[in-house]
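What follows is a set of notes on a single structure, which appears directly below.
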Amino acid sequence: MNHLPPRLNHPPLRLPLAFTSTHQVGPQEIDEYAHVNNAVYLQWLDRIAWTHAAKLGTPLASCLAMRRGMAVRHTRIDYLEAALLGDNLLLATWLIACDGRLRCTRRFEILRLGDGKRVADAEIEYFCLNLDTGKPCRFPSEFTKSYAVIPEVAAAYQQLPPELRHVGYSRGGLPGQGTNT
């Protein structure tokens, strides 16, 4: 008997060169509606962002030693499918924008491995924070190196249709834009 994974209609990830991890949904992540609680998704995004940052050369210990960190400014997320108890998920992240001085943006995708369905898309904008003063500050040189955007990722991101580049807005259009109905 052949046990091939289901064939997907669309490529699983929208951007190349993703940093990925997998996660199986546990009972503590399920809410009263019998699906993953919305706040849990944010914990998953935080966890993969920290893991990716460490791989790029800025683990938590280094941030604490430099007294610099990346703080969240904006989070935008589209919840597309419910994740359920026992689901095996693929979490992916990319750096899609960085000014090399103060700000960077991460893109996230969460896919259910069993059927390839997209569970969530998210983007988080970060800024460099002085951990002693609580105020924004310039990147230390370590951040400039670690948070550089891969050119292939930036190019692929720019090729996405606008509705896929602007996570967290209703499908009817972006703020300030009319809809074509």
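Since the model is a prediction, treat every value here as computed from it, not as a measurement.
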* Carefully, step by step, assess Leu45 and Ile77 under the rule side chain to side chain contact (heavy atoms under 4.5 Å, CB included). => CA-CA 10 Å; Leu45 301 181; Ile77 187 165; 4.3 Å; yes
* Go through the steps to decide whether Leu42 and Thr75 satisfy the test side chain to side chain contact (heavy atoms under 4.5 Å, CB included), and finish with yes or no. => CA-CA 9 Å; Leu42 298 176; Thr75 300; 3.8 Å; yes
* Worked check of side chain to side chain contact (heavy atoms under 4.5 Å, CB included) between Arg103 and Glu125 -> CA-CA 7 Å; Arg103 294 183 181 96; Glu125 294 176 26; 5.7 Å; no
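Salt-bridge formation is not detected for the pair Arg118/Asp78: no Lys NZ or Arg NE/NH1/NH2 atom is positioned less than 4.0 Å from an Asp or Glu carboxylate oxygen.
The two residues Leu95 and Tyr147 come nearest to each other via the heavy atoms CD1-CA, 3.6 Å.
One finds the CG atom of Asp132 at 7.0 Å from the CZ atom of Arg68 (value rounded to the nearest 0.5 Å). The line from OG of Ser141 to CE of Met66 is 8.0 Å long, rounded to the nearest 0.5 Å. The NE2 atom of His35 sits 8.5 Å away from the CG atom of Leu84 when rounded to the nearest 0.5 Å. Note: Phe139 CZ to Ser146 OG = 9.5 Å, rounded to the nearest 0.5 Å. To the nearest 0.5 angstrom, Ser62 atom OG is 7.5 Å from Glu142 atom CD. The CE atom of Met70 sits 9.5 Å away from the CG atom of Leu129 when rounded to the nearest 0.5 Å.
Of the listed residues (Arg73, Arg165, Arg106, Arg107), just one forms a salt bridge (charged side-chain N to carboxylate O under 4.0 Å, His left out) with Glu123, and that residue is Arg107.
By the side-chain contact (heavy atoms from CB on, under 4.5 Å) test, Thr133 pairs with Asn130, Lys135, sequence neighbours left out.
A donor-acceptor contact shorter than 3.5 Å links the side chain of Glu29 to the backbone of Gly26. Counting only distance, with no hydrogens or angles, the side chain of Thr51 and the backbone of Arg47 share a donor-acceptor pair below 3.5 Å. Side chain of Trp94 to main chain of Pro16: a donor-acceptor pair is present (N/O by atom type, distance under 3.5 Å, no hydrogens or angles). The closest donor-acceptor contact from the side chain of Arg14 to the backbone of Ala156 lies at 3.5 Å or more, if one exists at all.
The cluster map of Ile, Leu, Val, Met, Phe, Trp and Tyr, joined by side-chain heavy atoms under 4.5 Å apart, puts Leu13 and Leu15 in the same cluster.
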